[in-house]
Structures are given as C-alpha cells and as structure tokens.
Amino acid sequence: MNTLRIALTALLLLATANVQAAQKVRLLLDWFINPNHAAIFAAQHSGAFKKEGLDVEMIAPADSASVPLLLAAGKVDLAISYQPQLYTLVDKEVPVIRVGTLINQPLNTLTTVSSDIHSLKDFAGKTIGYAVPGTEDVAIRNMLKSQGVDADSVKLINLNMDGTSALLTHKIDGAMTIFRNYELLDLKDKGAKPTVFKPEDYGVPAYDELIIVANQKTAAQDKRIPAFLRGLDAGVAWLRAHPQQAWQAFIKQYPELNTPLNHEAWQATLPYFAQHSAEFDQARYQAFGEYMKANGVIKAVAPMGRYSLQ
C-alpha cells in the first residue's frame, strides 16, 4: 500500500510539474512571419523554449500599427517592436517597456540604383522615398546634413513601403525603405547595382532594429520574461549551428515562404541576431533618445528605466 501511495504521489507531482512547465506565452509579431523571426522559430523548433517551461505562440498581427496597443491592453504577453518606436510610445504614455533585443543593429539603408549618385552629396536636387514618417524622413535629413547637403533641396515622398519598384522604375532617386537583409538582396537579384548608405555611418545613432516589449505594468513581476530570453538566446545559438536544418523546418511549417529570396534573406539575417537578448546598452539608448528629442520626434527623453527593465 505504501509503495502504491508513493508511486501515485510521484505521478501526481510529475503531472503538476508538467502543468506548471507549460506556461503559455502569446508573442505578437511586428509583421507577418519572415526571416527576421528566424531566431524565435529556432527557439521554438529546437525545444529551447520548452526547456524553459514555455509554450510560445507566434501571432502575426492583422494590423502592425495595433501591436503596441494590443500589448498595452493585455491582449498578448510580449510583442516585437522597434527601438525608434519605443521612444514615441513612451512619449505618448503607452505602458510598454523593452525587455530584450532580437536584432541589435539597424537594417534599414538609404539606397540608390542611379548610376550618377555616388555620395550623399549627389542627392542634392533629387527625390528620395521613405515609408515611416517621423523616423525614416528624419533619418534622411540627418544623413544629408552630415554631409553638408541642404535637406530642403531634396524632395521627400512617402512611398507606403514600395521602395524597390519605385527605384527600379526610376520614379525616385533613392529610398530609405531598403533593408540590408531583404530588399537589398531583391534589388541585386533583379540585376540592379545598388549604392548603399547606412544611417549609422551618417549622423544617425546606432539603434536596435527589433526589440521585445512587454506591458510596463506587469513586466517586472512576470517570471516568463527571463525564461523567454534564455530560450531565445539558446535558439540563436542553435540557429547559427544548424542554419539549413532550421530553414528546412521553417519552410515545412510555412511553405508559402519557400522562395529563393526568402532563403537568401534567411542566411543574410543570421549575423544580425543578438546573442545576449537581455543586454541593455544604456548609453546607446540615451544617445538615440537625445537624437529623437533634438529632431522634435519626442518632447523629452525619459529616464532609461522607463524604456527598459535592464
């Protein structure tokens, strides 16, 4: 009888542990799933999240603009956002806070395919397209200013994310919507010879392209967050060790993404994932906040503890 009781108790404890281990985490992506999310997929597929006791669900948003609002409303547990957007959200008193980093460097570029543009100075009197008001247009102006170009001499056009075709059809002379791990590859695949200017090389402080944000009101007490970040770091390590195995698993789950361009983007994105997602560079975040304030994008730079838990 004692043996049976002990065995039943052990099974009950095991069952309880398993229930506690499978903590659900609803992660709202910034966009439809793509190679930028490879590290998250790898952490999920390799079992890294499961090892941390998490059941992570990746959710593609119906409207990317609603992502931080859904997070603030408690509809999801975590979300993918952008460092520049974080400052504007804090400035508007939206209760979100950074808890980790997915991609820790800029991906966007100012790119041209015009044969007569070799430097930023050559954009004087030209037309440049952008997609994100308050971020990309501000970056263009600062990049031009860094090279002594009068930004008012350049015509800026909001492209609604159609930079590649606008460049190839010569409707514009340059575009700030060309990401170095996707659109830049697309341009080259289509026979173009792009000239690329990276914002961090021309007057724009370096920033994290993709960050992980949580609800500010609950983040500090949520034990799932450090577990998620540990799982993500393990996923990055596994992804880099098994890039092709991860790719095959990715396209098996998302066959509609099995294209040569997505495969190129998958490989090109591998070096950009943060190895230590929880690390917070306070000086760099402060510098970017000062840049946002100086350009009138935000009213004031908040204390760094308002932007990140770390």
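All residue numbers in this chain count up from 1 along the given sequence. Keep in mind that this is a model prediction, so the values were computed, not measured.
- Nearest heavy atoms, A39 versus V236: CB-CG2, 3.6 Å.
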Requested in this report: Go through the steps for L102 and I211 under the test side chain to side chain contact (heavy atoms under 4.5 Å, CB included), then give the verdict.
Outcome: CA-CA 5 Å; L102 181 61; I211 59 175; over 6 Å; no
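- Applying the 6.0 Å contact sphere to CD of E93 captures no more than 12 heavy atoms from other residues, nucleotides or ligands.
- The cluster map of Ile, Leu, Val, Met, Phe, Trp and Tyr, joined by side-chain heavy atoms under 4.5 Å apart, puts Y254 and L239 in the same cluster.
- Between the side chain of D233 and the backbone N or O of S277, at least one donor-acceptor pair lies under 3.5 Å.
- F273 pairs in a side-chain contact (heavy atoms from CB on, under 4.5 Å) with only one of the listed residues (I103, L210, N104), which is I103.
- In this structure, Y291 is a member of the same hydrophobic cluster as L89, with clusters built from ILVMFWY side-chain heavy atoms closer than 4.5 Å.
- L69 shares a hydrophobic cluster with no other residue; no ILVMFWY side chain has heavy atoms under 4.5 Å from its own.
- The backbone N or O of N36 lies less than 3.5 Å from no partner atom in the side chain of T269, so there is not a single donor-acceptor pair.
- The minimum heavy-atom distance between Y272 and R240, with the atom names listed, is N-NH2, 4.1 Å.
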Report task. Please report the C-alpha distance between D116 and D122 in whole Å, then the side-chain angles of each, then the deciding distance to 0.1 Å, and finally whether the side chain to side chain contact (heavy atoms under 4.5 Å, CB included) criterion is met. Result -> CA-CA 8 Å; D116 59 341; D122 295 328; over 6 Å; no
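- Looking at T135, its side chain never comes within 3.5 Å of a backbone N or O of V132 through a donor-acceptor pair.
- No continuous path of ILVMFWY side-chain contacts below 4.5 Å connects L185 to F250, so the two sit in separate hydrophobic clusters.
- Not a single donor-acceptor pair under 3.5 Å links the side chain of E136 to the backbone N or O of T177.
- Defined by atom type and a distance below 3.5 Å, a donor-acceptor pair is missing between the side-chain atoms of D137 and N158.
- Residues V76 and L27 form no side-chain contact, since every pair of their non-hydrogen atoms from C-beta on lies 4.5 Å or further apart.
- Between the CG atom of L29 and the CG atom of N34 there is a distance of 8.0 Å, given to the nearest 0.5 Å.
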**Report entry** D173 vs T112, side-chain hydrogen bond (donor to acceptor under 3.5 Å, both in side chains): CA-CA, chis, key distance, verdict
**Finding:** CA-CA 6 Å; D173 302 294; T112 181; over 6 Å; no
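- In terms of heavy atoms, G231 sits closest to A48 at O-CB, 3.4 Å.
- Using a 4.5 Å cut-off on side-chain heavy atoms (C-beta onward), Q85 and P68 make contact.
- Between K121 and V149 the shortest heavy-atom distance is CA-CG2, 3.5 Å.
- Of the inter-residue distances, the one linking L86 atom CG with S308 atom OG reads 8.5 Å to the nearest 0.5 angstrom.
- For the residue pair Q248/Q244, the side-chain donor-acceptor check at 3.5 Å is not satisfied.
- Aromatic pair F288/Y285: ring centres not closer than 6.0 Å.
- A side-chain donor-acceptor contact under 3.5 Å links N215 to the backbone of A72.
- Taking 4.5 Å as the limit, some side-chain heavy atom of F123 sits within range of a side-chain heavy atom of L144.
- Residues satisfying the side-chain hydrogen bond (donor to acceptor under 3.5 Å, both in side chains) test with D30, not counting sequence neighbours, are H37, Y82.
- Residue I97 comes nearest to Q216 through the heavy atom pair CG2-CA, 3.8 Å, listed as atom of the first residue, atom of the second, then distance.
- With contacts defined as side-chain heavy-atom distances shorter than 4.5 Å, the pair E279/T101 does not qualify.
- Heavy-atom contacts from other residues, nucleotides or ligands closer than 6.0 Å to CD of Q282 number 12 or fewer.
- Counting heavy-atom neighbours within 6.0 Å of K252 NZ, excluding the residue itself, gives a total of 12 or less.
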Query raised in the report: Passes side chain to side chain contact (heavy atoms under 4.5 Å, CB included), I178 versus L167? Steps please.
Result: CA-CA 10 Å; I178 307 302; L167 281 175; 3.9 Å; yes
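- Ring orientation note: the planes of Y307 and Y87 are tilted relative to one another, at an angle of 30° to 60°.
- With respect to the salt-bridge test (charged N to carboxylate O, under 4.0 angstrom), the residues D152 and R141 qualify.
- With hydrogens and angles ignored, the 3.5 Å screen pairs a side-chain donor or acceptor of N142 with a backbone N or O of V138.
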Report task. Verify side chain to side chain contact (heavy atoms under 4.5 Å, CB included) between K92 and K299, making sure each step is shown before the conclusion. Result -> CA-CA 10 Å; K92 295 174 182 177; K299 297 187 291 291; over 6 Å; no
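- One hydrophobic cluster holds both V96 and V90 under the rule that ILVMFWY side chains link at heavy-atom gaps under 4.5 Å.
- Put simply, the side chain of F49 reaches to within 4.5 Å of the side chain of I40, judged on heavy atoms.
- Ring planes of H45 and F41: parallel class, angle under 30° (limits at 30 and 60°).
- The hydrophobic cluster containing W266 also contains F179, counting ILVMFWY residues as joined when their side-chain heavy atoms lie under 4.5 angstrom apart, directly or transitively.
- Checked by atom type and distance alone, the side chain of N258 never pairs as donor or acceptor with a backbone atom of I251 at under 3.5 Å.
- Nearest heavy atom pair, residue P133 against residue A131, reads CD-O, 3.4 Å.
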In residues 187-204, what donor-acceptor pairs under 3.5 Å come from side-chain atoms, sequence neighbours left out?
residue	atom	partner	partner atom	Å
K190	NZ	D186	OD2	3.3
E200	OE1	R180	NH2	3.3
E200	OE2	R180	NH1	2.9

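- Side chain of E209 to backbone of L107: a donor-acceptor contact under 3.5 angstrom is found.
- No side-chain heavy atom of W247 sits under 4.5 Å from any side-chain heavy atom of Q267.
- A salt bridge links R284 to D208: at least one charged side-chain nitrogen sits closer than 4.0 Å to a carboxylate oxygen.
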